[in-house]
*Asks:* 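The structure under discussion is supplied below as structure tokens; questions concerning it will follow.
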Amino acid sequence: MVDGCRGASCVELVARKAHPDAVRVCGRAFDETGDPKAGLAAARAHHALRHDDDAARLAERLREGPLAADAHQLLGQIHFAAERYDDARRDLDVALRAHRTAGDHASAYEDARLLAYTHWRRSAFRETLALADIARTEATAAGDGALEAKALLFLGSVLQAVGDGPAAQEVYARAARALPATDVSGRAHLLFDRATLLDATGQRSLSASLLDEARGLALQAGN
């Protein structure tokens, strides 16, 4: 039983996905102390539990404080989940600028990735591609190989969607090199995308081979 919460321990509760505990303990700590880390942890826990009205109320209280960028990111995620894409773009734009200024590359990657999806939903592919490339840049700057691989997979899928097959193939090849050997699900995703691209260019035999391999990896990953 957790009976107290400082900012760090609240973050740990969310990281462990102990969301009901985080809602109760961190929410109480935020009300009693005003600790923004506790408030953000409680808001994220509410969002994970799909209590988005509660998550948004907490995040709104953090928009002007030291964790304003994270609050805007969470509000953007909430709006995106509710398909309020204009509202999502408003908050994610603020979050992206603030996270890039602060040098928080991993958070900026997430802002840019989700922003790209909001533009993709309205078929604004130029903006989607630009933001997918920003996401890739930020993931690389974060120094996290797994994150960079995810960013490259996303960029490749955007290039594929806009019809730039050669560029997509090049990016997928980079993603294959960046993917950790343990990321079986990521490798399945990559093979599915490459197989789809090959099929579109008439290379059906190689496409079928990659699809078989992808299905095997997906089963192995439990997808």
Side-chain angles (χ1 to χ4, degrees), residues 73 76-86 88-89 91-93 95-96 99-100 105-223:
Q73 182 188 76
Q77 292 167 340
I78 292 167
H79 290 313
F80 186 87
E83 300 184 357
R84 297 188 296 267
Y85 299 127
D86 290 342
R89 277 192 293 275
D91 280 301
L92 291 166
D93 274 331
L96 178 59
H99 282 138
R100 295 188 88 183
H105 300 296
S107 294
Y109 154 79
E110 178 61 19
D111 299 328
R113 183 189 69 84
L114 206 54
L115 263 173
Y117 273 120
T118 71
H119 288 288
W120 200 335
R121 293 294 191 272
R122 62 187 185 94
S123 299
F125 294 116
R126 180 179 299 178
E127 291 87 348
T128 302
L129 185 56
L131 283 158
D133 194 51
I134 289 172
R136 191 268 314 160
T137 299
E138 293 297 328
T140 300
D144 182 331
L147 197 65
E148 182 179 11
K150 289 179 181 178
L152 287 166
L153 280 171
F154 179 51
L155 178 58
S157 68
V158 175
L159 288 164
Q160 186 172 343
V162 301
D164 193 344
Q169 286 283 30
E170 181 182 345
V171 170
Y172 286 146
R174 290 167 59 194
R177 293 192 294 271
L179 271 171
T182 54
D183 189 354
V184 178
S185 179
R187 291 194 175 277
H189 178 187
L190 172 62
L191 289 173
F192 274 121
D193 285 345
R194 294 182 77 175
T196 301
L197 184 57
L198 288 168
D199 185 70
T201 58
Q203 301 178 67
R204 291 182 174 81
S205 177
L206 182 53
S207 172
S209 176
L210 290 181
L211 276 174
D212 285 342
E213 186 178 352
R215 291 189 186 103
L217 288 173
L219 287 172
Q220 184 180 336
N223 294 338

*Asks:* If you define the side chain from C-beta out and look only at heavy atoms, does anything of E110 sit under 4.5 Å from Q77?
*Replies:*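 Of all side-chain heavy-atom pairs linking Q77 with E110, at least one is under 4.5 Å.
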*Asks:* Looking only at non-hydrogen atoms, find the nearest pair between L131 and H119 and report the distance.
*Replies:*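 Closest approach of L131 to H119: CD1-CD2, 3.3 Å.
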*Asks:* Determine whether D86 and R89 make a side-chain contact, defined as any pair of heavy atoms from C-beta on separated by less than 4.5 Å.
*Replies:*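 A side-chain contact under 4.5 Å exists here.
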*Asks:* Do any side-chain atoms of residues 140-159 form donor-acceptor pairs under 3.5 angstrom with protein atoms, and if so which ones, sequence neighbours left out?
*Replies:*
residue	atom	partner	partner atom	Å
T140	OG1	R136	O	3.0
T140	OG1	E148	OE2	3.2
D144	OD1	A146	N	3.0
D144	OD1	L147	N	3.1
S157	OG	F154	O	2.6

*Asks:* How close do A135 and Y109 get, counting heavy atoms only, and between which atoms?
*Replies:*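 What the structure gives for the nearest pair is O-CD1, 3.4 Å.
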*Asks:* What are the two closest non-hydrogen atoms of I134 and A112, and how far apart are they?
*Replies:*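 Nearest pair, atom of I134 first, then A112: CG2-CB, 3.9 Å.
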*Asks:* So do D91 and I78 actually touch side chain to side chain, heavy atoms under 4.5 Å?
*Replies:*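 No, every pair of side-chain atoms sits at 4.5 Å or beyond.
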*Asks:* Could you report the tightest heavy-atom contact between R100 and A108, atom names first, then the distance?
*Replies:*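 Residues R100 and A108, closest heavy atoms: CG-CB, 3.8 Å.
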*Asks:* For residues A88 and G76, report the shortest heavy-atom separation together with the two atoms involved.
*Replies:*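 A88 and G76 have their closest heavy atoms at CB-O, 3.6 Å.
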*Asks:* Minimum heavy-atom separation for Q73 to L92, with atom names?
*Replies:*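 Smallest interatomic distance, heavy atoms only, reads O-CD2, 4.0 Å.
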*Asks:* So how far is it from E138 CD to R113 CZ, rounded to the nearest 0.5 Å?
*Replies:*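 The CD atom of E138 sits 14.0 Å away from the CZ atom of R113.
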*Asks:* Return the CD to CG distance between E127 and L115, rounded to the nearest 0.5 Å.
*Replies:*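 One gets 11.0 Å once the value is rounded to the nearest 0.5 Å.
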